[in-house]
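Being a predicted model, the structure only gives us computed values, none of them experimental. To find a chain, count down the sequence lines: A is the first, B the second, and so on, and within it residues start at 1. Note: hydrogens, waters and symmetry copies are ignored here, and every other heavy atom, side chains too, is used.
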Protein chains: 2
Amino acid sequence: MKAAARELGYKKNQAAVELVKKQSNVIAAVVSSVKTNFAGQIIDGIQSEASKHGYNLIVVYSNSASAEEQRKALLTVIERPVMGILLLSIALSDDNLKMLKESDIPYCFLSMGFDDDRPFVSSDDMEIGYEATKFLIDKGHRKIGLAAIDKYPYTGRLRLAGYSKALNEANIVPDNSWIQSGDYSYTAGESAMKAYGKDTDLTGIVAASDMAAIGALNEARNLGLRVPDDLSIISIDGTEMCQIVQPQLTSVSQDFYKMGVVGVQRIEESVVNKTASKDHQQLIPVHIYERDSTK
Amino acid sequence: MKAAARELGYKKNQAAVELVKKQSNVIAAVVSSVKTNFAGQIIDGIQSEASKHGYNLIVVYSNSASAEEQRKALLTVIERPVMGILLLSIALSDDNLKMLKESDIPYCFLSMGFDDDRPFVSSDDMEIGYEATKFLIDKGHRKIGLAAIDKYPYTGRLRLAGYSKALNEANIVPDNSWIQSGDYSYTAGESAMKAYGKDTDLTGIVAASDMAAIGALNEARNLGLRVPDDLSIISIDGTEMCQIVQPQLTSVSQDFYKMGVVGVQRIEESVVNKTASKDHQQLIPVHIYERDSTK
DNA sequence: CTGAAAGCGCTAACAG
DNA sequence: CTGTTAGCGCTTTCAG
């Protein structure tokens with residue numbers, strides 16, 4: 001009979017199954033719709049690990065900026081029985097975070113760290129700032145800018161701290177003008193480079209993201225500055241963008257794929273342990289790839 | 001009491017609601033996990049139109065290549081009561097298409113056209129091939145290559161036909177070597193350019209996608225060819241990639257955002273009309289943006 | 001081992 | 001207008 005039913009194109013109604021079983025095998029990912037070109041790599045990692053365990057993945061997009069959009073996206077997944085929620089580079093408003101916590105669904109933030117005790121998997125942003133800056137220092141640079149970084153949220157603050165630490169260790173005192181804050185975007189990279197100007201003292205720049213690095217690179221070219229001969233640029237993220245641009249960008253690369261994998265493992269742990277899995281904050285190592293934008 | 005419940009963090013169980021209502025307000029998008037950098041634009045369009053109508057969007061990723069992966073992704077959405085399914089640049093296997101049809105859930109393919117009668121929204125690929133080629137001809141080019149295009153599936157075949165038509169109208173007889181087939185990727189663009197070689201007769205190239213165009217552009221540079229002075233390149237797609245690369249790429253731009261919007265409207269029609277909405281195949285106009293890679 | 005019955009959380013229909 | 005009841009499609013339990 002089952003076989004016959006299957007022949008006739010019978011499909012299980014998972015809504016009914018989940019209703020009675022009170023559990024589901026789907027993991028939900030909430031992604032900020034901001035143009036993050038690394039989200040795909042994280043999703044690949046999630047997908048791969050999820051499928052290894054027989055889980056299904058659904059993703060919903062949410063505009064990071066609007067709390068109302070966030071709320072709708074969150075409700076879409078909370079109001080149906082998902083086994084866990086992964087949040088990709090999204091900073092929840094207080095209300096929405098509260099709602100998430102109260103849902104009793106295991107969750108984990110990905111690619112973003114936080115001050116409080118919520119679970120997350122991300123790179124060590126302090127290390128990123130430090131390694132990028134130190135790389136340039138080791139190449140002999142002394143005047144090094146930090147471009148397009150958001151100074152206040154957790155991520156940017158840590159990267160700035162790492163940058164300052166590396167400079168400090170080398171007895172370099174940064175000028176205020178060396179740090180050009182921004183929102184990690186192409187335009188922010190462009191603006192930072194414009195602010196430094198054609199006659200800048202800087203010989204090296206740490207860019208907050210690949211897109212910011214490309215913005216800075218293109219603007220440098222407009223200004224008549226040659227990369228890497230006049231100016232070295234090191235990028236943070238290490239997506240494919242680094243390799244399609246000329247010159248190819250040296251980068252501090254984050255392992256986004258692994259973040260996805262580990263995120264799924266976190267969810268699984270929370271499910272089997274029935275615990276909220278607090279204070280699970282895991283840092284994924286980064287790696288520097290030297291390409292052609294530094295010397 | 002409702003208010004009190006809400007205070008206490010009560011959340012509706014949508015699984016139960018949908019079970020009894022036998023309808024849902026979620027639209028599902030199935031996306032090929034192949035690195036299509038325009039999927040984001042389509043999803044933005046879907047999201048915006050869906051939210052206008054109070055629908056929620058969930059997306060599932062599926063590797064276009066594997067029928068089994070496709071099947072899992074499709075089942076994830078078919079087995080729960082979604083109101084409609086949008087398929088983004090994904091070519092379903094026969095079995096999976098059959099399963100989709102039998103599910104009786106309204107569906108529509110996006111950014112890909114087909115020979116048969118299934119509903120889709122895409123650009124007119126014949127027009128794309130024709131306009132791109134004609135643009136170069138009007139600039140005075142006579143020897144024009146077609147790079148990284150997949151010759152057999154519907155999309156590539158139509159673009160090739162458009163290319164041939166434009167050439168034919170100008171009484172140009174293409175040499176076989178002008179057409180370098182590929183899979184729309186960066187590497188395919190690179191390989192095509194390598195095949196043309198440093199001493200090519202070609203003065204213009206139509207690239208199958210933005211990534212292919214960038215591959216060709218970078219390889220041309222390696223070969224010592226200057227773009228656009230020695231070689232003009234026109235790209236197909238028109239994503240942001242065209243503007244971050246140097247020189248910026250002239251492109252035949254597709255309106256991906258609109259495809260998403262129209263796709264949601266198709267689903268809505270099917271739902272209110274209770275009809276399968278067959279033979280609804282809609283073409284979205286394209287537009288040429290002249291930038292710096294052609295002359 | 002097979003078959004009937006209970007019930008998951010909700011809405012719709014109906015009765016009071 | 002509020003309160004009760006049936007039942008959506010399944011799994012699980014319990015009886016036969």
Side-chain angles (χ1 to χ4, degrees), chain A residues 1-28 30 50 53-58 60 71-85 96 98-107 267-268 270-272 274 276, chain B residues 1-28 30 50 53-58 60 71-85 96 98-107 267-268 270-272 274 276:
Chain A
M1 191 191 98
K2 281 178 184 169
R6 191 159 276 264
E7 287 306 306
L8 275 120
Y10 166 80
K11 290 290 161 313
K12 232 179 206 157
N13 183 331
Q14 286 292 352
V17 174
E18 286 166 358
L19 182 58
V20 40
K21 285 205 180 179
K22 285 159 157 265
Q23 53 156 284
S24 112
N25 70 331
V26 353
I27 290 185
V30 182
H53 295 270
Y55 308 145
N56 287 123
L57 172 69
I58 67 178
V60 311
R71 188 186 145 80
K72 274 168 58 183
L74 261 187
L75 275 179
T76 304
V77 300
I78 289 182
E79 288 189 343
R80 59 201 74 226
V82 299
M83 64 175 289
I85 300 177
N96 289 329
K98 185 156 167 281
M99 185 170 79
L100 176 62
K101 279 181 175 160
E102 284 170 352
S103 76
D104 279 323
I105 300 174
Y107 64 90
I267 296 296
E268 178 158 54
S270 306
V271 170
V272 304
K274 298 278 181 196
Chain B
M1 192 192 94
K2 282 178 185 171
R6 190 159 278 262
E7 286 307 308
L8 275 120
Y10 166 80
K11 290 290 163 312
K12 228 180 209 157
N13 182 332
Q14 285 293 351
V17 174
E18 286 165 359
L19 183 58
V20 39
K21 286 206 181 180
K22 284 158 157 266
Q23 53 155 283
S24 114
N25 70 332
V26 356
I27 289 184
V30 182
H53 295 268
Y55 308 144
N56 287 122
L57 172 69
I58 68 178
V60 311
R71 188 186 146 80
K72 275 167 58 182
L74 261 187
L75 276 178
T76 305
V77 301
I78 289 182
E79 290 190 342
R80 58 201 76 228
V82 299
M83 66 174 289
I85 300 176
N96 289 330
K98 184 157 168 280
M99 184 169 80
L100 176 61
K101 279 181 175 161
E102 283 170 352
S103 77
D104 279 324
I105 301 172
Y107 64 90
I267 297 296
E268 179 159 53
S270 305
V271 170
V272 305
K274 298 279 182 197

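Distance NZ (K11(A)) to P (dC10(D)): 12 Å, rounded to an integer number of Å. Rounded to an integer number of Å, the gap from CZ of R80(A) to C1' of dC10(C) is 14 Å. The CG atom of N13(A) sits 6 Å away from the C1' atom of dG9(D) (whole-angstrom rounding).
Near DNA chain D, defined here as any heavy-atom distance below 4.0 Å, the residues from residues 16-25 of chain B are L19(B), V20(B), K22(B), listed numerically.
Note that CG of L75(B) and CZ of R80(B) are 10.0 Å apart. Values are rounded to the nearest 0.5 Å.
Under a 3.5 Å cut-off, the side chain of N25(B) and the backbone N or O of G54(B) do form a donor-acceptor pair. Under a 3.5 Å cut-off, the side chain of S24(A) and the backbone N or O of E18(A) do not form any donor-acceptor pair.
Proximity of V77(B) to V26(B): side-chain heavy atoms (C-beta onward) are nowhere separated by under 4.5 Å. Here the side chains of L74(A) and L100(A) are in contact, with some heavy-atom distance below 4.5 Å.
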